[in-house]
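To keep things clear, I will list the structure first and then write my remarks on it.
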Amino acid sequence: MSTVTVNPSRQSGLVLACVCACTILVVGLVAAINLAVPMLAVSGLHPSSSELLWIVDAYVVVFACLVIPGGAAGDNFGRKGVLIAGLITFAAGAAISAASANVIILLLGRAITGVGAALVLPNCVGVLVHATAPERRGRALAIWGAMTGMGGLVGNIAGAALLTAGSWRTLFGAIVPIALLCALWTAVSVRRSSRSPRSLDPVSTALLVAATIALLIGIIEGPERGWGSAIVIAAFAASVLLGAAWVFVELNARHPLLDPRLFRIPMLSTASLGMLVLFFGSFGLFYLNASLLQYGRGYSVLQAGLAIVPMTVPMLLGARFVPDLVRRTGIPLTLSAAFLAIGIGLFGLTFAAHQPYLVYAAWLVLIGTGFALALPCLTAELTAALPAEQAGVAGGLQSATRELGSALGVAIVGTVLTESFTRHLPATFQNQDLIPRTVAEAVAIAPSQQAAIFESFTTGAESALQVASVVTLIAGVLVVAAAFQTSRRRKMSSTN
């Protein structure tokens, strides 16, 4: 299909709008599924607590691990074609998920959708970099970076509307035509770009996937099987060994997919860690928030989706001004304010479960302010750390760190939630051989104790938010310290 001939300014605007829509779609699905967790828990699939976590994380894990090969595929075969192929794969995975008859098929659909997302997201930034003039590139990347944060919030709202109108199957079914329309939009608006042949490195990719899955198996299965169980210990050990093997293979490859030596670039390593930490906190919150509002406040799915809207306000208002703010105050100070706002906001939410909604909303605004400051800043830094011809690597690394942070956030926060929930259940449950690990399981056993069960869940969610807050603050200190070091080195090199 031939592309439409338009002036360069309008062409870049169409491309920016297109990649933002694609980005919101693939990021939004990560958040939207969280709203469906209570619905899935009582569905005919009868998932366990660990299966619920895998239903959420299967998409994110595949997304995170394949996003760098997805960027390489775009460099190798053409970013426009790979972006379209990714959107079609995304639609196919959603269709399988919508029609799934059991948890295994649902997980398969989620994984296929993750493959599609891994082809979409890195090639969005690659397409945008090559379609935008250098003088406009910084602002375009800042807007795109803000959309990666907005995607989660749009996913909450749109997902809530779809779930209210139907079931969890409606959510996946609606994604199919949207993804296909985005594929058509890409075909019409995006021009073909030059190719940069790169190895897809299947061995390295397989090692990275296996290492990440092994790590998450250890985290997710720990509460149910016991942290000292052979399976959990073996999973953690396998993750370390496979991760070491991945580093070895990449260091010795003639054309590595992601050269570990790139992380010697201070700007690159700092921005990557920052992305991972941001999305750890945000998607840990998204996983908890929908269920917490439905169980703890008695909200409907639609109310739970709309309740997160205050987070969008700083992102919408701040996207235009953050680049100028960064130039005036510097990256270290901007990131300091961002991580402090997110960490304090997450901790504040632990006290807001039984307070008026305005108090809850105020903490969300604070968290949103942190994201508004950090996302464009980190996106621009990570992109600027590599030359334009490595846009696929930069886009893949941005996406990988975001999605890996999301997967870890869901897994760790969900694990803390499960452990705390079971520990705070009423005494009648503690004497059973198999303590229920989800609200649905507990209510099915003792419907008369529903209020106490919901309160146990609220207490568990508060503990999980506290953990997310502490991790975000501690990791944020490391990111800011590294940013100060990088800034100091820049000043020294510029004076010499």
Side-chain angles (χ1 to χ4, degrees), residues 21-48 50-67 69-70 73 81-123 151 155 158-163 165-184 186 205-206 209-210 212-213 216-217 220 283 287 290 301 399 403 406-407 410-411:
C22 295
T23 299
I24 287 172
L25 177 65
V26 298
V27 175
L29 183 57
V30 184
I33 189 63
N34 296 316
L35 287 164
V37 168
M39 199 176 286
L40 282 163
V42 297
S43 71
L45 301 182
H46 304 297
S48 65
S50 60
E51 286 174 339
L52 282 172
L53 286 173
W54 280 115
I55 289 171
V56 175
D57 255 357
Y59 170 77
V60 188
V61 169
V62 175
F63 192 173
C65 293
L66 298 187
V67 75
V82 172
L83 179 54
I84 293 171
L87 289 164
I88 294 171
T89 304
F90 192 87
I96 293 171
S97 298
S100 56
N102 53 54
V103 172
I104 298 299
I105 296 176
L106 178 55
L107 290 175
L108 174 64
R110 295 282 288 158
I112 292 173
T113 313
V115 173
L119 296 175
V120 170
L121 201 57
N123 290 295
L162 290 168
L163 290 167
S167 68
W168 60 270
R169 296 184 190 276
T170 307
L171 173 65
F172 293 115
I175 287 169
V176 178
I178 296 173
L180 294 177
L181 284 173
C182 284
L184 179 61
T186 301
T205 299
V209 172
T212 305
I213 291 176
L216 292 178
I217 286 174
I220 291 173
F283 281 89
Y287 179 76
V301 175
S399 304
E403 301 313 317
S406 301
V410 170

Look up atom CD1 in Ile33 and atom CZ in Phe172, then write down how far apart they are to the nearest 0.5 Å.
3.5 Å

So, does Thr170 use its side chain to make a donor-acceptor pair with the main chain of Leu162 at under 3.5 Å?
no

For Val61 and Asp57: C-alpha separation, side-chain torsions, deciding distance, then whether side-chain contact (heavy atoms from CB on, under 4.5 Å) applies.
CA-CA 6 Å; Val61 169; Asp57 255 357; 4.3 Å; yes

Only counting residues at least two apart or in another chain, list the ones meeting ring-ring contact (aromatic ring centres under 6.0 Å, His included) with Tyr287.
none

All ring-ring contact (aromatic ring centres under 6.0 Å, His included) counterparts of Phe283, not counting sequence neighbours:
Phe279, Phe286

My understanding is that only residues two or more places apart in sequence, or in another chain, count here; which of them pass side chain to side chain contact (heavy atoms under 4.5 Å, CB included) with Ile217?
Trp54, Ile213, Glu221, Ala235

Using atom types as modelled, flag every donor-acceptor pair under 3.5 Å from a side chain in residues 102-111 to any protein atom, sequence neighbours excluded.
{"unit_1": "Asn102", "atom_1": "OD1", "unit_2": "Ile104", "atom_2": "N", "d": "3.1"}
{"unit_1": "Asn102", "atom_1": "OD1", "unit_2": "Ile105", "atom_2": "N", "d": "2.9"}
{"unit_1": "Arg110", "atom_1": "NE", "unit_2": "Ile55", "atom_2": "O", "d": "2.8"}
{"unit_1": "Arg110", "atom_1": "NH2", "unit_2": "Ile55", "atom_2": "O", "d": "3.2"}
{"unit_1": "Arg110", "atom_1": "NH2", "unit_2": "Val56", "atom_2": "O", "d": "3.1"}

Could you list the residues that satisfy side chain to side chain donor-acceptor pair (under 3.5 Å) with Thr89, not counting sequence neighbours?
none

Set of residues satisfying side chain to side chain donor-acceptor pair (under 3.5 Å) with respect to Thr23, sequence neighbours excluded:
Trp144

Set of ring-ring contact (aromatic ring centres under 6.0 Å, His included) partners for Phe63, sequence neighbours left out
Tyr59

Under the rule for side chain to side chain contact (heavy atoms under 4.5 Å, CB included), what residues qualify as partners of Cys22, not counting sequence neighbours?
Cys18, Leu87, Val120, Cys124, Cys182, Thr186

Arg169 side, atom CZ; Leu171 side, atom CG - distance, nearest 0.5 Å:
12.0 Å

Only counting residues at least two apart or in another chain, list the ones meeting side chain to side chain contact (heavy atoms under 4.5 Å, CB included) with Ala91.
Val176, Ala179, Leu180

Taking side chain to side chain contact (heavy atoms under 4.5 Å, CB included) as the definition, give me every residue that meets it alongside Ile178, ordered by chain and number, with sequence neighbours left out.
Leu25

Applying side chain to side chain donor-acceptor pair (under 3.5 Å), can you list everything that pairs with Ser167, at least two apart in sequence or on another chain?
none

Point-to-point distance, once rounded to the nearest 0.5 Å, from CG of Leu66 to CG of Leu121
13.0 Å

Atom pairs and distances, donor-acceptor, side-chain atoms in residues 35-44, under 3.5 Å, two or more places apart:
{"unit_1": "Ser43", "atom_1": "OG", "unit_2": "Leu40", "atom_2": "O", "d": "2.7"}
{"unit_1": "Ser43", "atom_1": "OG", "unit_2": "Leu45", "atom_2": "N", "d": "3.3"}

